[in-house]
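Being a predicted model, the structure only gives us computed values, none of them experimental.
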Amino acid sequence: MIYFVGAGPGDIELLTLKAVRVLEKADAVLYTGSLVPAEILQYCREDAHIEDSRDMDYAEIFSFLEKYSRKLTVRLHTGDPSLYSTIARQIEFLESRGIEYTVIPGVSAAFAAAASLGLEYTLPGISQTLVISRVEGRTPNPERLETILACKNSSKVFYLSIKLIESLVAEALRAGYAPDTPCWVVEKASWRVERVYRGTLEDIAPRVSHIGGVALILLGDFLHRKSTQSSYLYGGGES
């Protein structure tokens, strides 16, 4: 059995109980060393076979999964496996070989960042929609950035885009966003070295130009953290 396990955003205490229990029993573990903190491996058995997939291609990953498919094997992904993890191709391979698998969700960085900052993405009167996307770089995005930004009353979180923040800012300004629209960057959300950069479209890009690793870009008026309407549930109205 292959378990795809969400390792969470970085803080090892954000692992789910289910994830910890599977790691404790695992015979083999394949983890993404460039993104998953090594401290998480403390939950593994001392005799577990552990490899880093950092320098592997798909063929090597598939080979590992097939080799250990008759054992309890964990494929450890950062955050939640449903976001930017490439599990789709791995699952396609496993299904083509008749290998059983299951997926254990994890806490995504977007929610760890919101927790660190005391944010609500769905503020009454401000936003009831959360858009998670990325700015197109080497990996194509079928959804044009201008289309994503057209949803001006949504809360937006961009993954894997910190090196393209100038393109994001330029497109947002062309789309009619005010220069003082809040735009924050959270570097390594929930890690001990987490850093937060609060700015606007006008000034954020040069302040985060040095970041070369994992970071999220948050964009929208939800960052003001002020509702303009009361909740019907808690404000005395009907839901």
| request: Would you sort out whether Glu187 and Glu194 count as a side chain to side chain contact (heavy atoms under 4.5 Å, CB included), showing the intermediate values? | output: CA-CA 6 Å; Glu187 182 181 13; Glu194 174 188 278; over 6 Å; no
| said: Let's go through Ile204 and Ile165 carefully: what are the C-alpha distance in whole Å and the side-chain angles of both, what is the deciding distance for side chain to side chain contact (heavy atoms under 4.5 Å, CB included) to 0.1 Å, and is it a yes or a no? | reply: CA-CA 9 Å; Ile204 191 63; Ile165 191 168; 3.9 Å; yes
| query | When you look at Thr73 and Phe4, which way does the side chain to side chain contact (heavy atoms under 4.5 Å, CB included) test go after all the steps? | reply | CA-CA 9 Å; Thr73 298; Phe4 292 98; over 6 Å; no
| For Tyr3 and Leu23, what are the C-alpha separation, side-chain angles and deciding distance, and is it a side chain to side chain contact (heavy atoms under 4.5 Å, CB included)? | CA-CA 9 Å; Tyr3 287 87; Leu23 282 171; over 6 Å; no
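Applying the salt bridge (Lys or Arg N to Asp or Glu O under 4.0 Å) test to every pair with at least one member in residues 46-57, sequence neighbours left out, gives these pairs: Arg45-Asp47, Asp52-Arg54. Listed by first then second residue, pairs satisfying side chain to side chain donor-acceptor pair (under 3.5 Å) with a partner in residues 156-166 read Ser108-Tyr159, Ser154-Lys156, Lys156-Tyr177, not counting sequence neighbours. Pairs of residues two or more places apart, or lying in two chains, that qualify as side chain to side chain donor-acceptor pair (under 3.5 Å) and include a residue from residues 200-212 are Tyr197-His210, Thr200-Asp203.
For the pair Leu219/Pro182, no side-chain contact is recorded, criterion being any heavy-atom separation below 4.5 Å from C-beta on. Residues Ile132 and Tyr84 are in side-chain contact: their nearest non-hydrogen atoms beyond the backbone lie under 4.5 Å apart. Residues Tyr31 and Leu41 have side chains in contact (heavy-atom distance under 4.5 Å, counting atoms from C-beta outward). Here the side chains of Cys44 and Ile50 are in contact, with some heavy-atom distance below 4.5 Å. Within the 4.5 Å cutoff, the side chain of Leu216 has no heavy atoms near those of the Val185 side chain. Taking the side chain as every heavy atom from C-beta outward, Asp80 and Val107 never approach each other to under 4.5 Å. At least one side-chain heavy atom of Thr122 sits less than 4.5 Å from a side-chain heavy atom of Glu120. Leu130 has its side chain within reach of Phe111: a pair of non-hydrogen atoms, C-beta onward, lies under 4.5 Å apart.
Applying side chain to side chain contact (heavy atoms under 4.5 Å, CB included) to Val157 and the options Ile217, Leu218, Val186 leaves one that passes, Leu218.
Residues meeting the side-chain contact (heavy atoms from CB on, under 4.5 Å) test with Glu39, sequence neighbours left out: Ile12, Pro37, Gln42, Arg192. Listed by chain and number, the residues in a side-chain contact (heavy atoms from CB on, under 4.5 Å) with Ser190 are Pro9, Asp11, Leu14, Ala112 (sequence neighbours excluded). Here Leu164 pairs with Val135 under the side-chain contact (heavy atoms from CB on, under 4.5 Å) rule; sequence neighbours left out. In this structure, the side chain to side chain donor-acceptor pair (under 3.5 Å) partners of Arg174, at least two apart in sequence or on a different chain, are Glu171. Under the side-chain contact (heavy atoms from CB on, under 4.5 Å) criterion, Lys25 pairs with Leu72, sequence neighbours left out.
No donor-acceptor pair closer than 3.5 Å links the side chain of Asp27 to the backbone N or O of Ala48. Of the possible donor and acceptor atoms, none in the side chain of Ser63 sits under 3.5 Å from a partner among the backbone N and O of Glu60. Within the 3.5 Å criterion, the main-chain N or O of Ser34 finds no donor-acceptor partner in the side chain of Thr32.
Taking every heavy atom of both residues into account, Leu201 and Ala172 meet most closely at CD1-CB, 3.9 Å. Minimum interatomic distance between Leu117 and Arg198 (heavy atoms only, all atoms of both residues): CD2-NH2, 3.4 Å. Taking both residues in full, the closest heavy atoms of Thr181 and Ala178 are given as OG1-O, 2.7 Å, listed atom of the first, atom of the second, then distance. Heavy-atom minimum distance, Ala28 versus Phe64: CB-CZ, 4.1 Å. Taking each heavy atom of Pro105 and Pro81 in turn, the nearest pair found is CA-CD, 4.1 Å. The two residues Leu123 and Lys226 come nearest to each other via the heavy atoms CD1-N, 3.8 Å.
Side-chain heavy atoms closer than 4.5 Å link hydrophobic residues (I, L, V, M, F, W, Y) into clusters, and following such links, possibly through other members, connects Tyr58 to Ile99. With hydrophobic clusters built from ILVMFWY side chains whose heavy atoms lie under 4.5 angstrom apart, Val20 shares a cluster with Val5. If you chain together hydrophobic residues whose side chains sit under 4.5 Å apart, Ile40 and Ile104 fall into the same group. Under a hydrophobic-cluster definition in which Ile, Leu, Val, Met, Phe, Trp and Tyr are linked whenever side-chain heavy atoms come within less than 4.5 Å, directly or via other members, Val29 and Ile2 are assigned to different clusters. Leu76 and Val103 fall into different hydrophobic clusters, where Ile, Leu, Val, Met, Phe, Trp and Tyr side chains are chained together by heavy-atom contacts under 4.5 Å.
Hydrophobic cluster membership of Leu35, counting Ile, Leu, Val, Met, Phe, Trp and Tyr whose side-chain heavy atoms lie under 4.5 Å apart directly or via other members: Val214. Hydrophobic clustering, defined by side-chain heavy atoms of Ile, Leu, Val, Met, Phe, Trp and Tyr closer than 4.5 Å, groups Val193 together with Trp191.
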For residues 142-152, run the donor-acceptor check on the side chains, cut-off 3.5 Å, and write out each pair with its distance to 0.1 Å, sequence neighbours left out.
from: Arg144; atom 1: NH2; to: Glu146; atom 2: OE1; distance (Å): 3.1
from: Lys152; atom 1: NZ; to: Ala175; atom 2: O; distance (Å): 2.7

Please output the side-chain donor-acceptor pairs of residues 87-95 that fall under 3.5 Å, not counting sequence neighbours, one pair per line with the distance.
from: Gln90; atom 1: OE1; to: Arg75; atom 2: NE; distance (Å): 3.0
from: Gln90; atom 1: NE2; to: His77; atom 2: NE2; distance (Å): 3.2
from: Gln90; atom 1: NE2; to: Thr86; atom 2: O; distance (Å): 3.2
from: Gln90; atom 1: NE2; to: Thr86; atom 2: OG1; distance (Å): 3.4
from: Glu95; atom 1: OE2; to: Tyr101; atom 2: OH; distance (Å): 2.7

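Rounding to the nearest 0.5 Å gives a distance of 10.5 Å between NE2 of His224 and CZ of Phe222. Taking CD from Glu100 and CE from Met1, the interatomic distance works out to 4.5 Å, rounded to the nearest 0.5 Å. For the atom pair Glu24 CD and Tyr43 OH, the distance stands at 8.5 Å (nearest 0.5 Å).
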